[in-house]
Amino acid sequence: MSDSIHLKLPDGSVKEVPKGTTALDVAKSISPRLADSALAAKSNGDLIDLGRPLEEDSELRILTDRDPQALEVYRHSSAHLLAAAVLELFPETKLGHGPATENGFFYDFHRQTPFTPEDLEKIEKKMQELVQHNLPYAREFVDRSEGLQRFKGEGDFMKCHFIEQFTKPDEKISIYKTGKFLDFCRGPHLPSTGKIKAFKLLNIAGAYWLGDEKNPQLQRIYGTSFFSKKDLDDYLNSIEEAKKRDHRVLGKQLDLFSIQELAGPGLIFWHPKGGIIRKEMEDWMRDQYVKRGYSLVYTPHVMRRQLFFTSGHEGYYAQNFFDFMELDDAEYRVKPMNCPGHILIYKDSLKSYRDLPVRLGELGTVYRYERSGVMHGLLRVRGFTQDDAHIFCTPEQIEKEIADCVEFARDVLKDFGFDKFQTELSTWDPGDRKSFVGSEEQWNMATSSLESVLRKLNIEYKTIPGEAAFYGPKIDIKLVDAIGRLWQLSTVQFDFNLPQRFSLEYVAEDGSRKQPLMVHRALFGSVERFFGVLIEHYAGAFPVWLSPVQVAMIPIAERHSEYAEKVASQLRAAGVRVHVDSRNEKMNSKIREHAMQKIPFLLVVGDKESEADKVNVRTRGKEKTEDMGTAEFVEKIKKLIEEKSAVL
RNA sequence: GCUGGCGUAGCUCAGUCGGUAGAGCAUCGGUUUUGUAAACCGAGGGUCGGGGGUUCGAAUCCCUUCGCCAGCUCCA
């Protein structure tokens, strides 16, 4: 039995130290500077407190503010700091839990009277004070029963729940203490509150206890913290930047769409300018349908309720429907999905294997009841149009069909200006038969064909077990927008359910009747949602081909209007959307206005231009204007539109 | 749906202690005819989200309802 242990450091060196040495001791022995900047440590890959005595040989790494992993510890400690400050100010508060999150941290509190925004300021001030006091995050181990008793005595029912949930009866439990605040917590934490340099409380929100809406709601306080004031400011700025891209704000400023209180929430009015963008999106999609061998169909918006009993949707999604209506002694409903309609078209005639694959596509508008609190601009609505298609094919055809769908999806995203994606394969949970229909063979076949497609296309993907639709596995493609946010839009899904429920058939080569496989896919996802993402991605500065107004003509004085009209008609003849602004306003004011409308090209014309058949081009985002022959500009913009160029 | 916040002119917002509503931009009329991001003068515009209540009197206080925002829950 040796009293010393060996610690291997990241530079490869090995230190022999007495048992019980802490990571902080090691840091001190390396340099006082390191000891000062150390925040936590990693021992054999596990995050630990700097002050934790080391008992055995291990690989040790001291974490400072250069390690992203230290930030998680830092934020977790920030959450404890928040809780400590709340207890100082509001001692009667009961505590839930307070983890680090992707962008900060939160802590859940239970309290009779909810926190107000003024409370938030007070709490933040108190946190500042506790940082000044440089309180240690002290860890101790107590007997489970003792710990339970202590929390029970304080009425901390949530802490008791966590102890009972996460520890076994004979275990010692880990407690962290910061000032008056005691937490059942496995850590690790910073050595003391003084290490926290930059934090801000952001907002207060409700959150269900244990995430279950049947439980009472807690008060959740959100905050964030960073290693430096500068990082914090950068983050707060980036929130401000994201706000400027908000499609609801831009939709108003650029007059793209609206939602009308009188008409109802979650229902979109496409204004003329948004309508042009929608037309471009739809034209693109319909052209692609035709090019890729899809057939375009249209199905009714209101259909007999019986259809949805047959499809099974009545049972599974009744809570997501708009209520049905009665007409002539029958019940009808607005469609919440397009699949049953397409199936009726498929079934209307007997199909031969020679007819397959049948690909039926529709820009189909559906209505779904979303709970009142979940609507969000264009991204979560009650009425929307899916670029929906259903493919019916033989087992031999399935892989190619899926591969084509995935490539189609990538082409959509690319043409609309997205070049980064993440792909996910959602599979079933064989243990959860209640949530998934179909046999094990069906699931295995379907999942392996999806996998094989992704492999053949050389697409990296994440598998997410248990996330499949109840009727089959699916491939989801998430796009990454201009500021790095992820959006779920495209989906390619297997469906075992509907072919069975509707007894779909085709006649095989040998004359027997077989059931076709069915693929359900939507690439924009919903036209509304895709539009919302486009607005945010481009911050309203659309590529020329999508811009509602592509060129604004600005005659300098009234006498130049005629020439402006002449240029405009040349542009219109070339298929360009051009607006001539002949208002009695200063040129400067017109430039300002149209620049704020993010119009790609402003053409100023005066005496110089009209005499030489030229235009003065002011390009969005560019400081300098340039003189150009009219014909030259027409060719330039034609080319940009044709190429769907994202740059001007 | 839940917790909290918020609804004032077309838009962005001010409005003190409860005393009958105001600015800028936009709109309309006029003047001006302009060289690269806001010309000047004038006018009109409000059941203060809706309904009810308290009060001599309500944008302001209370109740209720609709909508919006943040988050939770949900998202086939």
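The model shown is predicted, which means the values in this text are computed figures rather than measured ones. In the text below, chain A, chain B and the rest are named by the order of the sequence lines, each starting its count at 1.
Comment: Asp108(A) engages Arg220(A) in a salt bridge, judged by a side-chain N to carboxylate O separation of less than 4.0 angstrom. Salt-bridge check for Glu593(A) with Arg583(A): passed, with a basic side-chain N closer than 4.0 Å to an acidic carboxylate O.
Rounded to the nearest Å, the gap between the P atom of U65(B) and that of A59(B) is 22 Å. Nucleotides C48(B) and G67(B) are separated by 16 Å at their C1' atoms, to the nearest Å. C13(B) and A58(B) have their P atoms separated by 28 Å, given to the nearest Å. Between C28(B) and U64(B), the two C1' atoms lie 40 Å apart (nearest whole Å). Remark: the separation of the C1' atoms in U60(B) and A38(B) is 36 Å, to the nearest Å. To the nearest whole angstrom, the two C1' atoms, one in C25(B) and one in A14(B), are 15 Å apart. A distance of about 14 Å separates the P atoms of A9(B) and A23(B), rounded to the whole Å. Distance check on atom C1': G46(B) versus G10(B) gives 12 Å, rounded to whole Å.
U47(B) is unpaired under the Watson-Crick or G-U wobble criterion, no partner having all donor-acceptor distances under 3.5 Å. Across all strands shown, A39(B) pairs with U31(B); the Watson-Crick or G-U wobble distances both stay below 3.5 Å. The base-pairing partner of A23(B), taking Watson-Crick or G-U wobble contacts with both distances under 3.5 Å, is U12(B). Applying the Watson-Crick and G-U wobble criteria (two distances, each under 3.5 Å), U55(B) pairs with nothing in any strand. Nucleotide C6(B) has G67(B) as its partner under the Watson-Crick or G-U criteria, with both atom distances under 3.5 Å. Shown here, C72(B) forms a base pair with G1(B); the pair counts as Watson-Crick or G-U wobble because both key distances fall under 3.5 Å.
Atom-to-atom, NZ of Lys474(A) to P of C75(B) comes out at 10 Å; the value is rounded to the nearest Å. Rounded to whole Å, the distance from CG on Asp246(A) to P on U12(B) is 13 Å. What separates CG of Asp255(A) from P of U27(B) is a distance of 13 Å, to the nearest Å. Rounded to an integer number of Å, the gap from His97(A) NE2 to C72(B) C1' is 11 Å. Between Glu585(A) atom CD and U34(B) atom C1' there is a gap of 11 Å when expressed in whole angstrom units. Taking atom CZ of Arg382(A) as the reference point, atom P of C75(B) lies 16 Å away to the nearest angstrom. When the C1' atom of A26(B) is taken as reference, atom CE of Met596(A) falls 11 Å away, rounded to whole Å. The nearest whole Å value for the distance from the CD atom in Glu370(A) to the P atom in C2(B) is 16 Å.
Considering OH of Tyr222(A) and OG1 of Thr101(A), their distance stands at 7.5 Å, rounded to 0.5 Å. The distance from atom CD1 of Ile477(A) to atom NZ of Lys474(A), rounded to the nearest 0.5 Å, is 12.0 Å. Taking CG of Leu602(A) as the reference point, atom CZ of Arg620(A) lies at 10.0 Å (rounded to 0.5 Å).
Across all strands, Glu593(A) comes closer than 4.0 Å to no nucleic acid atom at all (heavy-atom distances). Using a 4.0 Å heavy-atom distance criterion, Lys590(A) is classed as making no nucleic acid contact. Counting any heavy atom pair closer than 4.0 Å across all strands shown, Arg371(A) reaches a base atom. Ile204(A) comes within 4.0 angstrom of nothing in the nucleic acid, heavy atoms only. Here Ala595(A) lies in heavy-atom contact (under 4.0 Å) with a base. As judged by a 4.0 angstrom heavy-atom cut-off over every strand, His376(A) is placed among residues touching the sugar-phosphate backbone only. Counting any heavy atom pair closer than 4.0 Å across all strands shown, Glu609(A) reaches a base atom. Note on Tyr471(A): only backbone sugar-phosphate atoms sit closer than 4.0 angstrom, heavy atoms only; bases stay farther off.
Taking the side chain of Gln217(A) as heavy atoms from C-beta on, and the options C72(B), C68(B), C11(B), the nearest nucleotide is C72(B). Nearest nucleotide to the Thr625(A) side chain, out of U36(B), C74(B), C11(B): U36(B). If you check U33(B), U73(B), G35(B) against the side chain of Asn616(A), the one that comes closest is G35(B). Picking from G71(B), G35(B), A37(B) the nucleotide with the shortest atom distance to the side chain of Ala205(A) gives G71(B). The side chain of Arg248(A) sits closest to A70(B) out of A70(B), A39(B), G7(B). For Ile556(A), the listed nucleotide lying nearest its side chain is G35(B); candidates were G35(B), G67(B), G4(B). Here the side chain of Asn588(A) is nearest to one of C75(B), A39(B), U73(B), namely A39(B).
Side-chain polar atoms of Lys335(A) and Thr299(A) form a donor-acceptor pair below 3.5 angstrom.
Taking the six-membered ring for Trp and the full ring otherwise, the centers of Phe257(A) and Phe269(A) sit at least 6.0 Å from each other.
With RNA chain B read from its 5' end, the first of the two nearest nucleotides for Gly211(A) and His313(A) is the one closest to Gly211(A). Map Arg618(A) and Gln219(A) each onto its nearest nucleotide of RNA chain B; the residue landing nearer the 5' end is Gln219(A).
Checking the phosphate oxygens (OP1, OP2) of G71(B), no side-chain nitrogen or oxygen of Tyr208(A) falls inside 4.0 Å. Contact annotation: Arg559(A) side-chain N/O to U34(B) OP1/OP2 distance is under 4.0 Å.
Under 3.5 Å, the side chain of Arg380(A) and the base of C74(B) form at least one donor-acceptor pair of N or O atoms.
Each of Gln493(A), Arg521(A), His520(A) was scored for a side chain to side chain donor-acceptor pair (under 3.5 Å) with His390(A), with one residue passing: His520(A).
Looking only at side-chain heavy atoms (C-beta outward), Val605(A) and Asn616(A) stay at 4.5 Å or farther from each other.
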